[in-house]
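A quick write-up on the structure given underneath.
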Amino acid sequence: MAKGSIALIGAPVDGGAGMSGCIMGPAALRVANIGGALQDLDYTIEDWGDVTPEKVELKLSGATHHENEVAGFARSLYKTGVDAFSKGFLPIFLGGDHSLSMGTVTAAARHAAAKGKKLHVLWLDAHPDFNRPDTSHSGNMHGMSAAFFCGEKGFDGILDVPIDPVDPRDFHVFGVRSIDQQEGELLRDRGVDVMDMRHIDEKGVASLIRSVLEAVKRDDAMLHVSLDVDFLDPVYAPGVGTTVPGGATYREAHLAMEMICDSGLMTSLDLVELNPYLDERGKSTRMLVNLTESGFGRRVFDRPTSAF
Ligand SMILES: [Mn+2]
């Protein structure tokens, strides 16, 4: 019997990143048969294809790049996401750079608010992506998505509807190891739940992820998980334009996803920043598909031995 229905929603945005290539992410994930892998775990899968970005013309104050592309995708992802939630699907958004979360998290937050619930966000990433246009050094909007959905200023016109801001204390950043100075001040000031690599080294993945899941359960909240390829150490996943050494290991990442699965709390998922142009023979793509499988019930003992 099927466990539930998952909608795969492609988001080939790459203007939010410093270099291009994420546009190929959704295609690579489909080539790696992400849908079939989830079907084998007894989910009903509908592939909704790639969203078409809306035409947007806006000018943000601050040196942002490709804001029209980013906003265009955010608007269509927001609408498609809200539609998927309302039809009872668990959406998996296939990115695309991390700016896509401006649309996906706000869609989850809208659905949560409509049901009178809170939304928690678990951000598995080397970076907290909490810059505003006025604090960003690069102007790359994939580093601003969390600031946007937590209600920071400077993003007027990204969506054409008001957002339901995520409470920064319900924004859990896990695995970070690269934070800009002003961004760090903002994170502290807003009370974001930041778990950096030092925390993970000292306390371990299990106790930290458990504390996040307990908070979600306590609030009877929805949980959006956003998985950035650079959460992983570049040894395991080189196919990303923003590698930072000292990332999560294969086992740490799988443990996190397995615990998320066990909790039964995840209501939506982003897979972001996969850049197939930088990958090594599909290694990072397969890693991302394997982690997704762990998030939906595949176990370590299910994995066949091979001589690679
Ligand atoms: Mn990111």
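These numbers come from the heavy atoms of this one structure, side chains and all, not from hydrogens, waters or symmetry mates. We count residues from 1, following the sequence as given. Each ligand, and each atom within it, is numbered from 1 in the order the structure gives.
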Salt-bridged, Asp167 to Arg190, with N to O below 4.0 Å?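 Salt bridge: no.
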If you take the centroid of each ring, where Trp contributes its six-membered ring, are Trp123 and His224 closer together than 6.0 Å?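 No, they do not, as the ring centres are separated by 6.0 Å or more.
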For Phe231 and Phe174, take the angle between the two ring planes, folded into 0 to 90°, and tell me which bin it lands in: parallel under 30, tilted 30 to 60, perpendicular over 60.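 Correct class here is tilted.
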Take the angle between the ring planes of Phe171 and Phe149 and call it parallel below 30°, perpendicular above 60°, tilted in between.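 Perpendicular.
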I'd like the atom name of the N/O/S atom in [X] lying closest to the Mn ion (ligand 1).
| X | value |
| --- | --- |
| Asp125 | OD2 |
| Asp129 | OD2 |
| His98 | ND1 |

Please state whether the separation between the Mn ion (ligand 1) and some N/O/S atom of Asp228 is under 2.8 Å?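 Within the cut-off used here (under 2.8 Å), Asp228 does place an N, O or S atom near the Mn ion (ligand 1).
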